[in-house]
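Here is how names work: the chains are called A, B, and so on, in the same order as the sequence lines, proteins then strands, and each is numbered from 1.
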Protein chains: 2
Amino acid sequence: MEMHDRKLKILYAIVKDYIETADAVGSRTLSKKYNLGISAATIRNEMADLEELGYLTQPYTSAGRIPSDRAYRAYVNYIMTLKKKVHTQDSELKSSFASKVGEIRELLHYSSRILAEITDYTTIALSPHIEECRFKNIQFVRISSEMILAIIVTDTGVVRKPVFKISGGIDSDILQKVSNLLNYKMVGLTLREVEQLLVQEIKHEASVLENIARKIVPELLKTLDKIEEYDLIFSGTTNIFNFPEYNDVVRAKAFLTMLEKKQAIYDLIAAVNNDGISISIGGENDFEEVKDCSLITATFKTDDSIVGWLTVIGPTRMEYSKVIRSIRQVSVFVNDLLKHKY
Amino acid sequence: MEMHDRKLKILYAIVKDYIETADAVGSRTLSKKYNLGISAATIRNEMADLEELGYLTQPYTSAGRIPSDRAYRAYVNYIMTLKKKVHTQDSELKSSFASKVGEIRELLHYSSRILAEITDYTTIALSPHIEECRFKNIQFVRISSEMILAIIVTDTGVVRKPVFKISGGIDSDILQKVSNLLNYKMVGLTLREVEQLLVQEIKHEASVLENIARKIVPELLKTLDKIEEYDLIFSGTTNIFNFPEYNDVVRAKAFLTMLEKKQAIYDLIAAVNNDGISISIGGENDFEEVKDCSLITATFKTDDSIVGWLTVIGPTRMEYSKVIRSIRQVSVFVNDLLKHKY
DNA sequence: TTTAGCACTCAACGTGTGAGAGTGCTAACA
DNA sequence: TGTTAGCACTCTCACACGTTGAGTGCTAAA
């Protein structure tokens, strides 16, 4: 049994209708609503075929058909071959972005909010974990005799501020000098590289400052190692209540609880390294909790390093067409800003 | 009609039972469950009185009674006169706190998570808005030719990182020197005081650095002024689903949407300036959306300035006794850390 | 003043029924 | 041989209806 053109037409119509209505699609409705030029009975036969091929399922004996993940995948692949054009002419949106200067995290935050608003889905923005980043600037602030706050700016504009302890305490002036020294040595390196540097180089020298640095850096690295905080920014989390499939408190709770598993979500999204838009549908994800969700992710880069991701998450019955259009639109503005301002 | 001792006993029993069961309390149940030494009929009479006095309401003619805000208030006042003792002997909790060194924001975050876990309610932690804080340290980082990232540490340990634009650009070395100068001038002042200083003092001097500072500071202040971001940390947001009154999707959504109105919540909580625990019940709040919620808030201070608040929010039918005990416990640990480490 | 008794009210629950949408199968048709 | 009309059957959903049970208010007796 192959996929005739007619089968595909029917399949796409079913997917489209189900996305729109969230109701199982029947042959009669289909033949009335979309004029496919064939009767309900014929459609029924084709539907039986499509079910056998794994594109459709039936919730109970005499109900209509519901698209499977495979059906959504076929549908998405299909619409991706169509209209590639992006409307970047939305001048209101464009200027609202242009006026948003700020830290990259803020840009991500803003994009995520806008995207949640225009799509009516939940969005997630995130930036790479500090382990993946290069130091751009480091600064120490004494907050008490033995406690030091380090402020680290990475090349991707992310700021982290670990606090660590230095036994015996340290003078403010010295701390300032050490921070200058470390800036000189560490800038441009990743966390791992700093660790190596520490072993190789600093051990051999022995100025007063470097002795102190030798005390501070391991503490700092140890603290950074412990940071398991993933910087996820959610927007439109309550949008999930708009979908009938989440009209059930149990499912709504499951969705919101899933969002709290930050590491899993980070792993899920940060695996994407793609210049365009990446789409994963239901069971295509390994993460059990999102098996009835789809994720559409855009990756943002400057030169070659990733500075963040922006994801739309929603039921597999997602308005792919609209969401893809919106995320492309937002991506254009974000990339523009990244190119010109950073 | 006065509040006899017996009336109070009945009232407290009703409140207690309703908190436990979330079901309207009837006279029969009450007389069976709590042995008050009087019959259901007598209780009925007293209940009618209590309703007239505004302590009880009836959802429909032949249902049991439900406590009003006034009843909860009476009950809370009553339990506050009882057991003031706090168990600070929970050594596991104590040591888990002690091991948490870090920025104040992190301490608040951690406390909020712990409190949500032990109470099973939603908690909110927040720190004062930057306008209220004094500068402790300021540092500039160039992120592109015209864009500068300022990193501000306040006396309460909060870090903010506004990005602003400086037309014409600026050299890294100069920027470093300006930052040293500003540190010297601004430390210990509030945002408003810096503004005044700028007008009064810097105008008269005219060194190269100060000319530059004169260019930078207004930009910085303008950017800070625009920060309307309130730093609220939520934990246990999905706990709301555990309560039968939020088994309705509409109400659950309303609650979660309410949490997104950050400024309103900030205003609500930051109004509390209290050494102990502050409790507000239902309509006692001006904020319409929380009229069927209660908030229990602890304020944290170092010396005299407030460094943060920790709030438990839940239905007015809250386990006040348990929550008050828990928040007191956590407060002791947090205050301990604040006293000894900051 | 307290209590027992009684008639009344109302939500909640289970049952039954009919409407409606949909299916699969069969037989006729182009 | 593929397509269509017709038909019997299935299953959910919505609605009406009666029953149950908890609770009330009132009255009269202790």
Original post:
Just how far, in rounded Å, is P of D:dG2 from CG of A:N45?
Top reply: 11 Å
Original post:
Within the structure, does a side-chain N or O atom of A:S39 lie under 4.0 Å from either OP1 or OP2 of D:dT3?
Top reply: no
Original post:
Are a donor atom and an acceptor atom from the side chains of A:S112 and A:T123 found within less than 3.5 Å of each other?
Top reply: yes
Original post:
Under 4.0 Å between a side-chain N/O of B:T29 and OP1 or OP2 of D:dG23, yes or no?
Top reply: yes
Original post:
5' to 3' on DNA chain C, which nucleotides open and close the contacts with chain B (atom under 4.0 Å from a heavy atom)?
Top reply: C:dT2 to C:dA11
Subject >> Donor-acceptor pair, side chain of A:S278 and main chain of A:N274, under 3.5 angstrom >> reply: no
**OP:** Name the orientation class of the two ring planes belonging to B:W309 and B:Y266 (parallel below 30°, tilted from 30 to 60°, perpendicular beyond 60°).
**Re:** perpendicular
Subject >> Side-chain heavy-atom pair A:M258, A:I313 within 4.5 angstrom cut-off >> reply: yes
Original post:
Has the side chain of B:T119 got a donor or acceptor atom that lies under 3.5 Å from a matching backbone atom of B:L115?
Top reply: yes
Original post:
Is the CZ atom of B:R251 crowded by more than 12 outside heavy atoms at less than 6.0 Å?
Top reply: yes
Original post:
Just wondering, are more than 12 heavy atoms of other shown residues or ligands nearer than 6.0 Å to CG in B:D286?
Top reply: no
Original post:
Going by number, which of residues 55-71 of chain B have a non-hydrogen atom under 4.0 Å from DNA chain C?
Top reply: B:Y60, B:T61, B:S62
**OP:** Can you tell me the distance, in whole Å, between the CD atom of A:E46 and the P atom of D:dT3?
**Re:** 7 Å
**OP:** Give a yes or no answer on whether the side chain of B:Y320 reaches the backbone of B:T316 with a donor-acceptor pair at less than 3.5 Å.
**Re:** yes
**OP:** Starting at atom CZ of A:R6, determine the distance to atom C1' of D:dT3, rounded to an integer number of angstrom.
**Re:** 8 Å
